[in-house]
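Below is one structure, written out as structure tokens; comments come after it.
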Amino acid sequence: MPDVVQREVIYISYYFMVQLRQIFFYWVLGMVAGSLISVFAKDAIHSLFSRLRDKKMGIWGIIPASLLGMASPLCMYGTIPIAASFSRQGMRDDWLAAFMMSSILLNPQLILYSTALGGTALAVRQS
């Protein structure tokens, strides 16, 4: 029995290292891109989004809200508190949903991670 466990540990560790080597560059690139956006553009993105509240764009406000959400470096755990504060400030719910979904699904770091996994993974993530 210990021989079987040892083989499985070797097998799992080998494939883990193979995957780590394949994705390492994209992982680092995603961290750098997300950090740069977080440091230099986060406040601008959120101030632009909060300025949308006063615009009379109707349903078309979903487009800029989605674009700002895509540029946002926040993950789900960062987006939800921001969305709650925007909601308290009177942001429209449909714009808020567009911002949240775009931020979570199209985060720059996650796009780079998906790219590292191949075109199929990126296509599935985008659909």
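Along the sequence shown, residues carry numbers from 1.
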Which residues share a side chain to side chain contact (heavy atoms under 4.5 Å, CB included) with Ile12, sequence neighbours left out: none
Contacts of type salt bridge (Lys or Arg N to Asp or Glu O under 4.0 Å), residue Arg7, not counting sequence neighbours: Asp3
Can you tell me how far CZ of Phe24 sits from CE of Met17, rounded to the nearest 0.5 angstrom? 10.0 Å
In Å, rounded to the nearest 0.5 Å, how long is the span from CZ of Phe16 to CZ of Arg21? 11.0 Å
Residue pairs fulfilling salt bridge (Lys or Arg N to Asp or Glu O under 4.0 Å) with at least one residue in residues 80-93, sequence neighbours excluded: Arg92-Asp94
Name all residues meeting the ring-ring contact (aromatic ring centres under 6.0 Å, His included) criterion together with Phe25; count only those two or more places apart in sequence or in a different chain, and write none if there are none. none
Report the residues that fulfil side chain to side chain donor-acceptor pair (under 3.5 Å) with Gln89, sequence neighbours left out, ordered by chain and then residue number. Arg53
Minimum heavy-atom distance Ala65-Trp95, with the two atoms named: CB-O, 3.4 Å
All side chain to side chain contact (heavy atoms under 4.5 Å, CB included) counterparts of Tyr11, not counting sequence neighbours: Glu8, Tyr15
